[in-house]
Number of protein chains: 2
Amino acid sequence: MNSQSIENYLKVIFNQAIVTDEVNTTGIAQALEVSLPSVNSMVKKLAGMGLLEYEKYKPLKITEKGRQTAAMIIRKHRLTEMYLVEKMGFGWEEVHDIAEQLEHIQSPEFFDRMDELLGHPQRDPHGSPIPNKQGHIAILEYRMLSDCKPGEKVELKALAHTSDEFLRYLNSKELALGVQVQVVEVEVYDKNMTVDYEGRREVLSALVCSKLLVS
Amino acid sequence: MNSQSIENYLKVIFNQAIVTDEVNTTGIAQALEVSLPSVNSMVKKLAGMGLLEYEKYKPLKITEKGRQTAAMIIRKHRLTEMYLVEKMGFGWEEVHDIAEQLEHIQSPEFFDRMDELLGHPQRDPHGSPIPNKQGHIAILEYRMLSDCKPGEKVELKALAHTSDEFLRYLNSKELALGVQVQVVEVEVYDKNMTVDYEGRREVLSALVCSKLLVS
DNA sequence: TAAATTTGTTAGTCAATGCTAACTATTTAA
DNA sequence: TTAAATAGTTAGCATTGACTAACAAATTTA
C-alpha cells in the first residue's frame, strides 16, 4: 500500500543504515536527488508510519518494521535482476533500471514465481544477497581484492559497486563472477595490481580492486 | 513520459472508441471508477497534448496520435499477459492485475525481449490481438458461438469478456482457446446451447455463448 | 571559544490528480 | 413541447510529493 516514493526513500535509508547505523538527512537527499526539505517532510511521514525513529536534529534510525519493509523491496529488486539475467538474457549492466521499476509491482505471486523459476537464488547477478521472504539477509563476508597479497588465488564473488560504467568496464576485461583470479604483483607506489585470470594478465587500479569482492 | 494516470485514461478511451467511434465522459468515469469532474479535467489535458479532440458538450474523438499511444500501452499489456502465461506458468485468470501494473514499465528492451522470447505472438492468452510495434492491430473477424446453428463445428478462438469470474467459470468447464466445439441443440425459449467438446456435453447460457468467439 | 560552515527545519508554494457542490446543456419522455 | 432526467462543466478544495527562501541548530575550524 506504500507509494513508490515511500518505497524509494525506505530503500535508500535501509542501504545507508547498513553502512552506518545512524542515517542523516543529507545523505538521503543526495541519493534520491531531492531537496533537503523534501526529505525532512518524508522522514516525518515515515516516522509517523512507524518505519523510522525521528527526533529533531538527531540522526535517523530505521525501526525493525522499516528494515523488514525495505528488505522486501530489495528482495523484489534483486530477484528481478536475477530473473532478467537468467531467464531473459539481459546483461548485468542492463538490469538495474528495469528492476528499479519492477520492484514496485504489487503482486507476491509474481515474485514468488520468479523465485521458484530461479530455484530460490541466494544472490543477484552482482553477488548481492537476496533477502528471503522473512526479510532475513545472509551476510556474506567477502574480502576486497585490494586486500589480497601477491600469490593469492581467489574467486570473484560480488561487487561493491554496480554502476553501468563499472559493469561495462568489467565486461571489457571479461571479469565476471566466478572467475578465478591470481594476484601476481602489487605496485607499492599506487597499489595497482597485476592479476592473472582466464589465461590473461591485466593491471587493475586500486579503485577497481577495492570494488571486487572475493573469497 | 506520460503518467500512469494518463496511460490509464488513454487505454479506456481507446477501448471505448473501438465500440463506438465517439466516446462519452460518463463511460470513462465508470470504467476508471472516478468522478465526472476528474474525467473532465483529464480530458482537457489529453486534448491539450493532442491525444484527443475535445469540444464542450460534444462527444470525444481520439486522434491518430492518441490511438497510436494507446496501442503501445495495450501492446505492453497483452505481451505481458502472454509472457506470464507462456513463460511463467500463470493461469489466464491470474494475469490481468499483474499486466495492469507492468504495462506502465518504461523499457522498450524489456517488452522487446518478451516479444522475442514468445516468438512474436499475434494474440494474448484471451485471444485478443497484440498490436505490433507500429501500433497496428490485426482485426480478427470471429463469430459469437451464440450465432452458430446446431450441427456446426467451430473452434474457440477468443473471448469477448475476460473477467476473473468468467475465466474461472470457463476453467471449471475446461473450456480453453483451441477447443473444438460442436453445437448440438439450441433451446428456442432461452437460447441455451447444448454443446459437445473434448468428449463432454455441456449446456451453456446465451450470455456465455455470446462471449465465446469462434471460427 | 567565537566565527564559519554544514546540517536540519519551517513556512509557504506548486503541479498532478483526485474529490464534492452547484450549475448548465442536452436528451428523453410525459 | 415542456418537464424530468441525464450528461457535462465549473469552481473550489484536499492530498501527495516536490520546490525555494529563510532560519536555527550542530559541528568544525581558525
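Here is how names work: the chains are called A, B, and so on, in the same order as the sequence lines, proteins then strands, and each is numbered from 1. Scope of the values below: all heavy atoms of this structure, side chains included, with no hydrogens, waters or symmetry mates.
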Quiz item: Hey, is the side chain of B:N40 poking within less than 4.0 Å of OP1 or OP2 on D:dT9, counting only N and O atoms?
Solution: yes

Exercise. For C:dG18, take OP1 and OP2 only and decide whether either is under 4.0 Å from a side-chain N or O of B:S35.
Key: no

Between [N] ([atom2]) and [X] ([atom1]): distance, integer Å:
X	N	atom1	atom2	value
A:L36	D:dC19	CG	C1'	12 Å
A:Q30	C:dT6	CD	C1'	12 Å
B:I6	C:dG18	CD1	C1'	14 Å
B:I28	D:dG8	CD1	C1'	11 Å
B:Q4	D:dT16	CD	P	17 Å
B:M49	C:dT17	CE	P	9 Å
A:L60	C:dT7	CG	C1'	12 Å

Just checking [X]: base, sugar-phosphate only, or nothing, at a heavy-atom cut-off of under 4.0 Å?
X	value
B:S41	nothing
B:K44	sugar-phosphate
B:V39	nothing

So which nucleotide from [options] ends up closest to the side chain of [X]?
X	options	answer
B:S5	C:dT17, D:dA18, D:dT16	C:dT17
A:T26	D:dA18, C:dG8, D:dT9	C:dG8
B:S38	C:dC19, C:dT17, C:dT9	C:dC19
B:Y9	C:dC19, C:dG8, C:dG18	C:dG18
A:M42	D:dA18, C:dG18, C:dT10	D:dA18
B:K45	C:dT17, D:dA18, C:dT9	C:dT17

Strictly under 3.5 Å: I want the nitrogen or oxygen pairs between protein and nucleotides 22-28 of chain C, one per line.
none

Practice problem: Mark yes when over 12 heavy atoms from residues, nucleotides or ligands other than A:E64 sit less than 6.0 Å from its CD; otherwise mark no. | Solution: yes

Self-check item: Neighbour count >12 (heavy atoms, 6.0 Å) for atom CD, B:Q122
Solution: no

Quiz item: Should A:E81 and A:R78 count as an ion pair when the cut-off is N to O under 4.0 Å?
Solution: no

Quiz item: Are A:H120 and A:N132 linked by a side-chain donor-acceptor pair shorter than 3.5 Å?
Solution: no

Exercise. For A:E22 and A:T20, indicate whether the former's side chain and the latter's backbone hold a donor-acceptor pair under 3.5 Å.
Key: no

Quiz item: Is the side chain of B:T194 donor-acceptor paired with the backbone N or O of B:V203 at a distance under 3.5 Å, no angle test?
Solution: no

Quiz item: Sequence neighbours excluded, which residues qualify as ring-ring contact (aromatic ring centres under 6.0 Å, His included) partners of B:H96?
Solution: B:H77

Self-check item: Over-ring placement of A:R113 relative to B:F90, 6.0 Å and 45° cut-offs
Solution: yes

